[in-house]
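Take a look at the structure set out below.
Just so it is clear: chains get the letters A, B, ... in the order the sequence lines come, proteins before strands, and each one is counted from 1.
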2 protein chains.
Amino acid sequence: MKPSPLITALQASGHRITRQRRVVLEVLEESQEHLDAESLYQKARQRAPRISLATVYRTVAVLKQMGLIAEYSLGEEHGHFETVPETPHYHFTCIGCGQVVEFDTPQVAVAIQELAEREGLEICTVQFSLTGYCACCRAGRGR
Amino acid sequence: MKPSPLITALQASGHRITRQRRVVLEVLEESQEHLDAESLYQKARQRAPRISLATVYRTVAVLKQMGLIAEYSLGEEHGHFETVPETPHYHFTCIGCGQVVEFDTPQVAVAIQELAEREGLEICTVQFSLTGYCACCRAGRGR
DNA sequence: TTGTAAATGAGAATCACTTGCAATTATAGC
DNA sequence: GCTATAATTGCAAGTGATTCTCATTTACAA
């Protein structure tokens with residue numbers, strides 16, 4: 001009986017609240033990681049065993065389109081999802097250990113803003129992510 | 001008999017200079033567009049009719065790994081390639097007309113640099129691209 | 001010229017995701 | 001609470017981009 005903001009928003013927009021959507025949303029809200037479709041599927045199955053991967057994809061598509069979650073490409077070939085944070089941030093993924101570091105660079109937001117104004121652009125999506133080696137892995141690599 | 005810098009670099013690193021590699025390189029060097037694998041393949045076929053798509057992929061993989069070309073995801077589901085420019089730049093792709101606008105934002109480079117130093121990171125790849133509507137398409141859309 | 005390891009072509013395979021369709025189910029109205 | 005019905009689901013087949021397998025070809029050092 002927890003009135004999750006995501007559930008409420010989904011409902012308000014005229015979507016039906018099904019068991020599988022509720023579960024996917026719960027997993028997304030509880031997880032602090034950046035889950036990809038497959039791990040989202042695995043976690044969701046624990047609560048709704050008959051859920052299908054297609055439903056996971058369909059659910060994140062709806063949530064993404066509503067702006068409730070964001071999709072990132074973290075250097076891998078598939079996408080990762082996260083509930084939208086209050087403050088926008090970007091991601092660094094360590095090639096060595098897989099760790100994801102979130103960072104906020106106001107300068108980037110400013111740069112985008114200036115570019116949009118200068119060129120008369122309307123920006124819809126921003127994709128900004130870095131990969132490399134974190135401090136730990138650099139130390140371990142001997143350089 | 002033109003000693004293309006890319007050919008020279010390829011050779012210097014111990015790779016064999018085959019007809020198909022030469023052709024792919026030529027197409028990449030001559031084109032000012034951001035070609036995807038398929039159009040690279042189509043253009044290459046005009047000079048080496050029996051070249052296969054697999055070879056195109058293998059060739060760009062080698063070039064990319066050597067840092068001679070860069071791959072970008074321009075809002076589409078597949079990659080686009082470009083010979084590495086002297087000055088780094090990023091891309092804006094118009095959802096309306098498909099036009100790609102290159103832009104340079106020193107602020108972004110600075111932000112990345114500062115982040116790397118602050119967190120002790122070694123940055124290997126930077127993915128930064130925008131999508132939205134260009135001035136023309138915005139006008140045409142009536143907003 | 002020749003030996004041999006690298007590279008290629010053709011097509012099968014993979015990976016991430018999407019779609020078609022029949023069966024289920026949430027929910028508005030009675 | 002029932003019922004009708006349109007949204008949603010599960011499954012399996014389909015896609016699109018890219019990679020891999022393997023037999024054949026080829027670059028190039030000797």
- request: To the nearest 0.5 Å, tell me how far A:Leu130 CG sits from B:Glu122 CD.
  value: 12.5 Å
statement: In short, the helix from C:dT1-D:dA30 to C:dC30-D:dG1 is bent end to end, axes from five pairs each side, to 10°, by 40°
- prompt: Going from OG1 on A:Thr125 to CD1 on B:Ile95, what distance comes out if it is rounded to the nearest 0.5 angstrom?
  reply: 6.0 Å
Separation of atom CG in B:Leu40 from atom C1' in D:dA17, rounded to whole Å: 14 Å
message: Measuring from atom CZ of A:Arg118 to atom CD of A:Gln113, what distance do you get when rounded to the nearest 0.5 angstrom?
response: 11.5 Å
message: Tell me whether the rings of B:Phe103 and B:Phe128 are parallel (<30°), tilted (30 to 60°) or perpendicular (>60°).
response: perpendicular
message: If I take atom CG in residue B:Leu10 and atom C1' in nucleotide C:dA6, what distance separates them, rounded to the nearest angstrom?
response: 13 Å
field: CG on B:Leu115 to CG on B:Leu121, rounded to 0.5 Å
entry: 5.5 Å
- prompt: Is the CD atom of B:Glu77 crowded by more than 12 outside heavy atoms at less than 6.0 Å?
  reply: yes
field: Atom pair NZ (B:Lys64) and CD1 (B:Ile69), whose distance is rounded to the nearest 0.5 Å
entry: 7.5 Å
query: Can you find a heavy atom in the side chain of A:Gln20 that is under 4.5 Å from one in the side chain of A:Thr59?
result: no
task: Round to the nearest Å and state the distance from B:Tyr41 atom OH to C:dG11 atom P.
output: 10 Å
message: So if I define the base as every atom that isn't primed, P, OP1 or OP2, how would nucleotides 24-30 of chain C read as a B/S/- string at a heavy-atom cutoff under 4.0 Å?
response: -BBS---
d(CG, B:Asp36; C1', D:dT18) in whole Å: 12 Å
message: Output the rounded distance in Å from CZ (A:Arg45) to P (D:dC11).
response: 9 Å
- request: Give the rounded distance in Å between these two atoms: CG of B:Leu35 and P of D:dA17.
  value: 15 Å
task: Measure the CD1-CZ distance between B:Ile17 and B:Arg22 for me, rounded to the nearest 0.5 Å.
output: 6.5 Å
task: Determine the interplanar angle of the A:His80 and A:His78 rings, folded into 0 to 90°, and report it as parallel if under 30°, tilted if 30 to 60°, perpendicular if over 60°.
output: tilted
A:Leu35 with A:Val101, same ILVMFWY side-chain cluster at under 4.5 Å: no
message: I want to check one thing: is the phosphate of D:dC11, taken as OP1 and OP2, less than 4.0 Å away from some side-chain N or O of A:Arg50?
response: yes
field: Nucleotide D:dT18, atom P - distance to CD of B:Glu71 in whole Å
entry: 7 Å
- prompt: Taking atom C1' of D:dT18 as reference, at what distance in whole Å does atom CD of A:Glu76 sit?
  reply: 16 Å
message: At a heavy-atom distance below 4.0 Å, what parts of residues 53-69 of chain B sit against DNA chain D?
response: B:Leu53, B:Ala54, B:Tyr57, B:Arg58
